[in-house]
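Atoms within each ligand, like the ligands themselves, are counted from 1 in listed order.
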Amino acid sequence: MIVDAATPAGDWVLSYDGFEPEQEGLREVLCALGNGTIVSRAAAPNALADDVHYPGSYLAGGYDRLATTIAGETIENEDLVNLPNWLPLVFRIADGPWLRPGDVEQIGYRQALDLHAGVLRRVVRMRDGDGRVVRWDEERIVSMHAPHLAALRVALTPENFSDPMTIRAGLDGSVINWGVKRYRELNGRHLETLDTGAVEGDVLTLRSRFVQARREVALAARTRVTAAGGPVVPARIETLANQASHEFDVAAREGQAMVVEKIAAYASSQDKASSEPLLEAVKHVRRAGPFSELRAAHVKAWAHLWQQADIRVESEADQEAQLKLRLHIFHLLQTASGHSVDRDVGVPPRGWHGEAYRGHIMWDELFIFPYLNLRLPVLTRALLRYRYRRLDEARRLAAEAGLRGAMFPWQSGSDGREESQRIHLNPVSGNWIPDNSWRQRHIGAAVAYNVWQYVEATDDRGFLRDYGAELFLEIARFFASLAERRPDGRWGICGVMGPDEFHTAYPGADPRTEGGLDNNAYTNVMASWLLTRVVDVLDLLAPDDRARLIDRLEITDAELALWTEISRGLFIPFHDDGIISQFEGWEQLKEFDWDGYREKYGNIQRLDRLLEAEGDHPNHYKVSKQADVLMIFYLFSREEIDEIFHRLGYAFSPEQIFRNIQYYGRRTSHGSTLSFVTHAWVLARSDRQRSWALALQALDADIADVQGGTTQEGIHLGAMAGTVDLMQRCYTGIEVATGALLFNPRLPEEMRCLRTTVRYRRQVLDIEVDQERLTVSSRVMTASPVVIAYRGHARAISPGQSFAFELVREVKPDRPARESEQKRARAEHAEEQARDEQAGPESPSE
Ligand code: BGC
């Protein structure tokens, strides 16, 4: 990866020099283009799917279900369908073969993704077996302006010959889902082509249907070729069962470029404001202007998005941090944009960029929504409605399990049923093994938490009234019914899994019949928090809305009283004098030989796979795939943690937080990219260096493909959004709580300055933080004042106003300080108090 430091746009451009076959899958994903409706991998238009190239395009929420018999079981999987390919564009010289990447020598290769413009450029110089060199200069967009359109413009220049050339542009409906090696034994043939055709000479069409979901997707493409002599008309048109193409014959002249413009449109039977998909797709390409016009409108749409989405960091340590953050924002906005708002979609952890996790919707929203809440809350609102539409299905899932309320599935697709696979392939051992990840009941708590955070950030009472409160209450009801009275009088939640997916059952248990663990601390804390919050949710509703909702859901006073009782009585396991046990019985597990395994395998992030291949299982050891207990410190402020534990009747001091972080930090393999974000977050105040080091690892998760091959199956959107949020909320200490926007910045030492803009309730606030100062400026508009506060100093800020706060040096109460440190801290604290008492730290400047 190269940063174009020489140009001012350096931290906006991701570029690669030279073609590297083993990196192509990764680059296809990192340079994928999308607009919230369609995402299309950056595969070469002249490439076919093979072990190097994978030209996948996906429709947001475009799922189809198929059955496969494997390992003696018939299993169903609902996949994100790989759509008919809009890209095919290939040429040949005279009567030679069609030239594909593997058939030519790529003597020059450069690929650059301009994140600001949303334009991918590929310049390739290719030489055929007879020494003829052709320069391929391509620009590509997936329009952020016109959500159905994708477009290519290729200038082809024969550098050292003048011979006839033929250019063939087509549409390919023969594609299958083949992008994830582990899934290749599963049925991936989701498409049937209904027909192919040609309209008005330059437009090709291909109509297809998802085999099970019966959803139709039509693809139309208009190709125009211009050579020195002017426009070239297609010489031949071919429409086969699964493919359509046309060929243009050109008398190529040395040094003279021929320009090919291919404008494609996808339309589906689920689109709004549309008639029949084929009519719509043809209409879109007919009405589309030339590439230059589409490009200009697209670039403008991106410019407007960036005005709302960018974050700027100045850091000494990593010159590329800025580019990486922008890359992460870019992919987030390609997955969910204004064009998603009217679609029935959630936000998938791997983007719509590849086939991993089949595009399912999981708990990763928890890492994604906080950034959107403060930037483009309209997106969170729409994405939360995906959950609301599946509330009935979640109620049914709970009822089937003998429970009440709404049980959201761990993986969710089209209709909200549980989509987690029942068995999965361990690529290390080749074994198909039971998949118990559906036991992660904490997913429901994440949905409820997301509702609450969205409402806190926006004060969108209408959403709370119409959707949010019902979601929240039904999830609370589910957790209450999941809890059981223990012999010690407390309440417990049994048979679940926490975020750490390594632990699926107790040692020796049969994972098929006796799976799950008891009293996962994170799940129980979340349950206690949400059962407590019920009162606040109800309080925010107008009395008559509240009464109607309570009546409709048949919530009685006795039920509310029970929820309160459970919220106070849930059991949290502890061991080793104040360490929260990940689950009950954790302390009895064996310590793991971390050094030995690192030495043996190098990368041990996916210990589960390594151990299974050895006939062992992580269930036996004190090992975590990812933050589990530490999620508590990620999601809640120190004050909230105090409140939660106090309410539960457990003594829990801030000093224990640091000890818990240390304890689990040593026992986590970071087998999920989310884990880097959480660990970086929880260390932000007590160990700034380690926090920054982990933040850099999270920033590298995809760009450097730290898991060695997973990014080519799709980006890791939770970690991507999580890193941006780490800058935006963690290092600025932003909290949306109790009707105020709280700040407590503490930048990593390596960071000089951070600038961000947040939308808080009805105001837009520009925030600038450096090592000494915090400035909050509200943009001019018509809006009521909102409350902002820096370390307890609250100010009502009105549009047009600005406040600057001198930052006080932070005492570090959550790390057991050495004596010298304690002395210094006491002195700093006294100094800080004296300063606070004098005048308050802010200096208003309007
Ligand atoms: C993690 C989950 C996550 C999923 C999708 C898994 O590896 O363990 O927490 O939801 O990836 O990102």
Side-chain angles (χ1 to χ4, degrees), residues 29 80 180 182-183 328 331-332 335-336 346-369 387 408-413 418-421 424-428 433 435-447 449-450 496-504 517 520 522-523 526 582 603-610 612 618 623-632 634-635 664 668-679 681 698 701-702 705-723 725:
V29 166
L80 176 68
V180 176
R182 294 182 300 290
Y183 303 168
H328 291 183
H331 283 299
L332 175 56
T335 308
V347 61
R350 308 300 292 271
W352 309 114
H353 294 56
E355 292 158 21
Y357 280 113
R358 307 182 161 84
H360 293 161
I361 312 303
M362 301 168 72
W363 80 315
D364 306 54
E365 298 170 329
L366 195 58
F367 296 80
I368 296 168
F369 288 172
R387 294 295 190 181
F408 277 92
W410 174 240
Q411 292 189 30
S412 177
E418 177 59 82
E419 300 291 357
S420 300
Q421 47 189 354
H424 67 243
L425 179 70
N426 177 1
V428 179
I433 46 184
D435 188 325
N436 277 318
S437 52
W438 56 270
R439 289 185 182 274
Q440 293 185 69
R441 296 295 170 229
H442 64 86
I443 174 80
V447 175
Y449 181 92
N450 290 337
V496 298
M497 277 170 60
D500 162 30
E501 300 186 329
F502 281 177
H503 287 274
T504 58
L517 304 149
N520 168 253
Y522 168 68
T523 306
M526 292 304 282
Q582 194 171 296
N603 184 336
I604 56 167
Q605 285 179 291
R606 292 306 302 265
L607 264 182
D608 53 335
R609 292 177 175 167
L610 301 175
E612 195 274 333
V623 293
S624 295
K625 175 182 182 185
Q626 65 199 89
D628 191 308
V629 166
L630 301 194
M631 282 300 298
I632 301 170
Y634 174 68
L635 294 180
Y664 285 104
T668 304
S669 77
H670 301 295
S672 160
T673 53
L674 298 173
S675 194
F676 297 123
V677 174
T678 316
H679 281 252
W681 193 289
D702 277 322
D705 192 17
V706 295
Q707 292 193 332
T710 60
T711 300
Q712 58 177 293
E713 301 167 348
I715 50 166
H716 294 84
L717 198 51
M720 282 192 162
T723 53
D725 193 36

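Residues passing the side-chain hydrogen bond (donor to acceptor under 3.5 Å, both in side chains) test with T673, sequence neighbours excluded: none. Every residue two or more places apart in sequence or in another chain that forms a ring-ring contact (aromatic ring centres under 6.0 Å, His included) with F367 is listed here: W363, Y634. Looking at residues two or more places apart in sequence or on another chain, you find a side-chain hydrogen bond (donor to acceptor under 3.5 Å, both in side chains) between D702 and T711, H716.
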Could you list each nitrogen or oxygen of ligand 1 that sits under 3.5 Å from a protein nitrogen or oxygen, with the atom names and the distance?
{"residue": "ligand 1", "atom": "7 (O)", "partner": "K625", "partner atom": "NZ", "Å": "2.8"}
{"residue": "ligand 1", "atom": "8 (O)", "partner": "E501", "partner atom": "OE1", "Å": "3.1"}
{"residue": "ligand 1", "atom": "8 (O)", "partner": "K625", "partner atom": "NZ", "Å": "3.0"}
{"residue": "ligand 1", "atom": "8 (O)", "partner": "Q626", "partner atom": "OE1", "Å": "2.5"}
{"residue": "ligand 1", "atom": "9 (O)", "partner": "W363", "partner atom": "NE1", "Å": "2.8"}
{"residue": "ligand 1", "atom": "9 (O)", "partner": "Q626", "partner atom": "NE2", "Å": "3.0"}
{"residue": "ligand 1", "atom": "10 (O)", "partner": "W363", "partner atom": "NE1", "Å": "3.1"}
{"residue": "ligand 1", "atom": "10 (O)", "partner": "D364", "partner atom": "OD1", "Å": "2.7"}
{"residue": "ligand 1", "atom": "11 (O)", "partner": "Y357", "partner atom": "OH", "Å": "3.4"}
{"residue": "ligand 1", "atom": "12 (O)", "partner": "D364", "partner atom": "OD2", "Å": "2.6"}

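Side-chain rings of W352 and H331 stay apart, their centers remaining 6.0 Å or farther from each other.
Among T678, D500, T668, the single residue meeting the side-chain contact (heavy atoms from CB on, under 4.5 Å) criterion with D628 is D500.
With 3.5 Å as the limit, one finds no donor-acceptor pair spanning the side chains of Q411 and Q421.
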